[in-house]
Amino acid sequence: MIQPELVEIFRAGLLQWASGNPRPMPWKGEKDPYKIWLSEIVLQQTRVEQGWPYYEKLILKYPNVHALAQAPEDELFKYWEGLGYYNRARNLHATAKYISTELGGRFPHTYETIRTLKGVGDYTAAAIASFGFGLPYAVLDGNVFRILARFFAIDTVSDSTAGKKEFSTLAQQLIPHEAPGAFNQAMMDFGALCCMPAQPQCPSCTLQNHCQAFKSKQQDSYPVRQPKKAKKQLYFLYLVVKSGDRVWIRKRQEKDIWRGLHEFPYLAFEDAAAFESAQATQAFSATDMLADIAISPKSDTFRQTLTHRQVTAVFQEIRLPCDANLETVNPACFSGSFSTSIVELKKKFAFPGIISGFLKKFV
DNA sequence: AATGCGGGGGC
DNA sequence: GCCCCAGCATT
């Protein structure tokens, strides 16, 4: 239990900071729960500056939940291309359909019902409940963890079950019931602009006098997080199969990375040696086509780093003399693939960054 | 409780 | 290079 005086000090100091540091954003002060929801999904694990243009494009294209519900999935993915965490887009779409058809377009308006929506966890439910409906649920995001860990000098590992519970209890005690939305906004703005991860602005901080981390000059020691895992290496030899002006792609169904994005068929390798000696001919070795196809040398090497994957890829162009049904040629490699024109490929389909990089240079 | 999902910006 | 960001779903 926090001392009541300390609660008042914290609130007053935070709101004083907020009144002197306005931070306009397209979704701020928004009362339409649809727009709040959309903005919050875009902003999950995403910097405001990065999400901002995506939100503006999305809200223009899909001004209400029905428009989003009726969008083709590939179109939504194209709008989401480059933003990452593509499950967000899939869940967004599923939830839009649910609200549009099952709820007649009416957004749920209790914390519990909002929380049941796909893609909506504790944080997002609290954000929608407080911003959209004035309900007193404290948000718990990276900013809030950091602010509270420093202010109260909490060394519990923050991204653990125990940590979540402890910080959540604290935040819930601090949030005022009269203007919970403004408090939540202020916490996140304060965390982004003043109590930042590196080099926080302590000299001008309105909470400085009561901040335990500042008192001991240990701002950089909070919050305490779990150690990171090593990245796994992944090697792809992408097969850019062309005939005439058409090229083969497929929609990625694997549940590991980039699910829902498109890609070229590929050969995958676990280790660098096998990858470096690999050739596109391997995909056609069991066929009688080798005499009829032209295969380019390997492209330069492309790399992309994900949160816990390091992807290395090269591309080889395979030119077919005439249309063939690739799916029957080598199902293990080409199953699910279809051909499309180059123009359509760039306009309609979303690709991971490593393929976008190749397309930009060579296609 | 642990794991995995993207991409970008700051240092 | 490393860290972190308006987190969530799955196992």
Side-chain angles (χ1 to χ4, degrees), chain A residues 23 25-28 30 36-55 77 80-92 94-95 115-131 137-147 149 157-165 167-168 171 181 183-193 195-200 220 222-232 234 252 254-261 303-311 350-357:
Chain A
R23 193 189 184 199
M25 293 180 283
W27 48 85
K28 207 177 229 181
E30 182 57 61
I36 297 170
W37 166 62
L38 180 58
S39 71
E40 292 302 338
I41 302 300
V42 166
L43 291 169
Q44 285 168 3
Q45 286 288 284
T46 303
R47 289 171 188 279
V48 166
E49 307 79 53
Q50 188 188 0
W52 188 313
Y54 282 86
Y55 172 81
F77 268 78
W80 206 270
E81 183 180 35
L83 191 56
Y85 286 144
Y86 298 93
N87 278 328
R88 288 185 292 176
R90 183 184 357 275
N91 288 332
L92 190 76
T95 295
R115 179 65 180 79
T116 65
L117 302 173
K118 277 187 190 172
V120 174
D122 293 342
Y123 162 79
T124 305
I128 298 171
S130 65
F131 298 151
Y137 291 87
V139 294
L140 200 55
D141 74 333
N143 295 301
V144 179
F145 278 117
R146 188 171 56 254
I147 297 164
V157 175
S158 65
D159 51 345
S160 64
T161 305
K164 264 203 92 169
K165 202 169 168 185
F167 284 91
S168 165
F183 177 88
N184 280 338
Q185 293 275 14
M187 285 289 271
M188 294 192 281
D189 291 346
F190 178 73
L193 300 181
C195 197
M196 307 112 80
Q199 300 170 26
D220 293 339
Y222 302 98
V224 179
R225 305 183 70 154
Q226 258 154 16
K228 306 247 180 289
K229 305 274 175 196
K231 291 188 197 306
K232 210 184 280 181
L234 224 47
R252 189 170 176 85
E254 283 78 356
K255 291 182 182 173
D256 52 0
I257 58 175
W258 299 326
R259 183 176 172 201
L261 297 186
R303 296 176 212 281
Q304 183 176 357
T305 305
L306 284 64
T307 304
H308 52 287
R309 292 272 190 277
Q310 170 69 245
V311 185
F351 295 91
I354 198 165
I355 293 182
S356 299

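Residue numbers begin at 1 in each chain, while the letters A, B, ... track the order of the sequences.
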**Message:** On the nucleotide C:dA9, are OP1 or OP2 found under 4.0 Å from the side-chain N or O atoms that A:Asn87 carries?
**Reply:** no
**Item:** No-hydrogen, no-angle side-chain donor-acceptor test under 3.5 Å, A:Tyr123 and A:Gln44
**Value:** no
**Message:** Tell me which nucleotide, if any, is Watson-Crick or G-U wobble paired with B:dG6 when both distances must be under 3.5 Å.
**Reply:** none
**Request:** May I ask you to verify whether the side chain of A:Arg88 and the base of C:dC8 hold a donor-acceptor pair under 3.5 Å?
**Result:** no
**Prompt:** Out of C:dG7, C:dC4, B:dA2, which nucleotide sits closest to the side chain of A:Gln44?
**Reply:** C:dG7
**Message:** By the 4.0 Å heavy-atom rule, please label A:Leu83 as base, sugar-phosphate, or nothing.
**Reply:** base
**Item:** Touch class at under 4.0 angstrom, heavy-atom based, for A:Asp122 against every strand present
**Value:** sugar-phosphate
**Request:** Name the nucleic acid region contacted by A:Arg259, choosing base, sugar-phosphate or nothing; use a 4.0 angstrom heavy-atom cut-off, strictly under.
**Result:** nothing
**Asked** 5'-most contact on DNA chain B: A:Glu49 or A:Ile257, nearest heavy atom basis?
**Response** A:Ile257
**Request:** Check whether any side-chain N or O of A:Arg146 sits under 4.0 Å from OP1 or OP2 of C:dC5, and answer yes or no.
**Result:** yes
**Item:** Any N/O donor-acceptor pair, A:Thr46 side-chain to C:dG7 base, under 3.5 Å
**Value:** no
**Request:** Check whether any side-chain nitrogen or oxygen of A:Thr124 sits under 4.0 Å from OP1 or OP2 of C:dC8, and answer yes or no.
**Result:** yes
**Asked** Taking C-beta and beyond as the side chain, do A:Trp52 and A:Met25 meet within less than 4.5 Å on heavy atoms?
**Response** yes
**Complete:** Of A:Leu306 and A:Ser160, the one whose closest nucleotide on DNA chain B sits nearer the 5' end is A:Ser160
**Item:** Options C:dC3, C:dA6, B:dT3, nucleotide nearest the side-chain atoms of A:Lys228
**Value:** C:dC3
**Prompt:** Can you tell me if the side-chain N/O atoms of A:Gln45 get under 4.0 Å from OP1 or OP2 in C:dC5?
**Reply:** no
**Request:** Find the distance between NZ (A:Lys232) and CG (A:Leu306) and round it off to the nearest 0.5 Å.
**Result:** 13.0 Å
**Heavy-atom donor-acceptor pair, A:Lys118 side chain to A:Leu92 backbone, under 3.5 Å** = no
**Item:** Side-chain N or O of A:Thr307 closer than 4.0 Å to phosphate OP1/OP2 of B:dG4
**Value:** no
**Message:** With a cut-off of less than 4.0 Å, is there a side-chain N or O of A:Arg252 near OP1 or OP2 of B:dG6?
**Reply:** no
**Request:** Could you tell me whether A:Trp80 contacts a base, only the sugar-phosphate backbone, or nothing, with contacts defined as non-hydrogen atoms closer than 4.0 Å?
**Result:** nothing
**Fill in**
A:Asn184 CG to C:dA6 P, in whole Å, measures 14 Å
**Asked** So what does A:Val120 hit on the nucleic acid, given a heavy-atom distance under 4.0 Å: a base, only sugar-phosphate, or nothing?
**Response** sugar-phosphate
**Message:** I need the OH-C1' distance between A:Tyr55 and C:dA6, as an integer number of Å.
**Reply:** 13 Å
**Message:** Within the 4.0 Å heavy-atom criterion, would you say A:Met196 contacts the bases, only the backbone, or no part of the nucleic acid?
**Reply:** nothing
**Item:** Spacing of A:Tyr85 atom OH relative to C:dT10 atom C1', expressed in whole Å
**Value:** 14 Å
**Message:** I'd like the P distance from B:dG6 over to C:dT11, given in whole Å.
**Reply:** 16 Å
**Message:** Let's test your reading of the model: under 3.5 Å, does the base of C:dG7 pair with the side chain of A:Tyr123 as donor and acceptor?
**Reply:** no
**Request:** Kindly say if A:Lys255 contacts the phosphate of B:dG4, meaning a side-chain N or O under 4.0 Å from OP1 or OP2.
**Result:** no
**Item:** Nucleotide C:dC8, atom C1' - distance to OH of A:Tyr86 in whole Å
**Value:** 17 Å
**Prompt:** Roughly how far, to the nearest 0.5 Å, is the OG1 atom of A:Thr124 from the CD1 atom of A:Ile41?
**Reply:** 5.0 Å
**Message:** Taking C:dA6 as the reference, what is the distance to B:dT3 when you measure between their P atoms (whole Å, please)?
**Reply:** 25 Å
**Message:** Between A:Lys164 and A:Asp122 (salt bridge meaning N to carboxylate O under 4.0 Å), is one present in this structure?
**Reply:** yes
